[in-house]
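Following: one structure in structure tokens, then a few remarks.
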Amino acid sequence: MRYMLLISADEDREPDVVSDEGMRRFHEWMADLERRGVLRAHEGLYPSRTATTVRVRDGEVLRTDGPFMETKDQIGGFALIECSGIDEAVEIAAGHPAARFGQVEIRPVR
């Protein structure tokens, strides 16, 4: 089963993520996924202030700078994994360092 992990947190916590300890935890997490053979893709995203949101209303394209939602927590990256089921996906998501101060949303991929 394939799952998309949407990794999000308060962008003000970025120093926690890029600290030596945060990077060590992240590299350990990535190494575990590679060892298991479950990682299909992983990418980080630029900060939400670089986002462009597009909506179409009554045939008109509405383009807005910035993220769609006004919230402190923003998606900072994603991982695509393929594993045995939701229990393993939860275990993998719980191991991501951002889960300690943000959250990882798990979505099955169609």
Side-chain angles (χ1 to χ4, degrees):
M1 185 81 187
R2 291 184 307 150
Y3 295 94
M4 177 70 69
L5 307 181
L6 299 169
I7 302 146
S8 59
D10 180 348
E11 290 178 325
D12 292 338
R13 299 287 310 263
E14 183 177 3
D16 296 333
V17 176
V18 297
S19 69
D20 289 343
E21 178 65 15
M23 292 307 294
R24 183 189 63 74
R25 287 182 179 153
F26 174 75
H27 289 298
E28 287 176 357
W29 182 76
M30 288 290 288
D32 180 55
L33 298 188
E34 290 171 2
R35 180 187 55 76
R36 293 177 186 217
V38 298
L39 185 64
R40 299 296 173 261
H42 184 279
E43 296 291 338
L45 302 174
Y46 284 101
S48 63
R49 68 179 174 276
T50 66
T52 301
T53 301
V54 176
R55 299 175 188 84
V56 177
R57 300 294 185 269
D58 298 322
E60 182 181 355
V61 176
L62 306 173
R63 177 180 164 165
T64 306
D65 291 337
F68 170 70
M69 295 187 314
E70 302 260 342
T71 178
K72 288 188 77 89
D73 289 348
Q74 296 293 331
I75 297 173
F78 68 90
L80 178 63
I81 60 172
E82 188 166 352
C83 58
S84 62
I86 189 65
D87 292 336
E88 186 178 9
V90 168
E91 177 190 345
I92 290 168
H96 193 287
R100 297 168 193 250
F101 56 87
Q103 56 274 328
V104 179
E105 180 179 337
I106 303 169
R107 292 270 199 88
V109 176
R110 289 184 186 184

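Residue indices begin at 1 and follow the sequence shown.
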Would you list the atom pairs, donor with acceptor, under 3.5 Å between side chains in residues 101-110 and any protein atom, with sequence neighbours excluded?
unit_1, atom_1, unit_2, atom_2, d
Gln103, NE2, Ser8, OG, 2.9
Gln103, NE2, Asp73, OD2, 3.1
Glu105, OE2, Arg107, NE, 2.7
Glu105, OE2, Arg107, NH2, 3.3

**OP:** Take Ile7 and His96 through the side chain to side chain contact (heavy atoms under 4.5 Å, CB included) test and state the conclusion after the steps.
**Re:** CA-CA 9 Å; Ile7 302 146; His96 193 287; 3.7 Å; yes
**OP:** Please collect all ring pair (Phe, Tyr, Trp, His ring centres under 6.0 Å) contacts where either partner lies in residues 30-61, sequence neighbours excluded, each pair once.
**Re:** Phe26-His42, Trp29-His42
Subject >> Side-chain ion pair, Asp32 and Arg36, N-O less than 4.0 Å >> reply: yes
Subject >> Pairing of Arg25 and Glu28 as salt bridge, 4.0 angstrom limit >> reply: no
Original post:
Could you walk me through whether Arg57 and Glu60 pass the salt bridge (charged side-chain N to carboxylate O under 4.0 Å, His left out) check?
Top reply: CA-CA 5 Å; Arg57 300 294 185 269; Glu60 182 181 355; over 6 Å; no
Subject >> Co-members of the apolar cluster containing Leu62 [side chain, <4.5 Å] >> reply: none
**OP:** For Glu43, check salt bridge (Lys or Arg N to Asp or Glu O under 4.0 Å) against everything at least two apart and list the hits.
**Re:** none
Subject >> Smallest separation among heavy atoms of Ala99 and Ala94, with atom names >> reply: CB-O, 4.0 Å
Subject >> Step-by-step side chain to side chain contact (heavy atoms under 4.5 Å, CB included) determination, Ile92 to Leu5 >> reply: CA-CA 9 Å; Ile92 290 168; Leu5 307 181; 4.0 Å; yes
Subject >> Shared-cluster residues of Val61, by chain and number - hydrophobic side chains joined below 4.5 Å >> reply: Val54, Val56
Original post:
Going hydrophobic residue to hydrophobic residue with side-chain gaps under 4.5 angstrom, can you get from Leu39 over to Val90?
Top reply: yes
Acceptor/donor pairs from residues 77-87 side chains to any protein atom, 3.5 angstrom cut, sequence neighbours excluded:
unit_1, atom_1, unit_2, atom_2, d
Glu82, OE1, Arg40, NE, 3.1
Ser84, OG, Glu88, OE1, 2.9

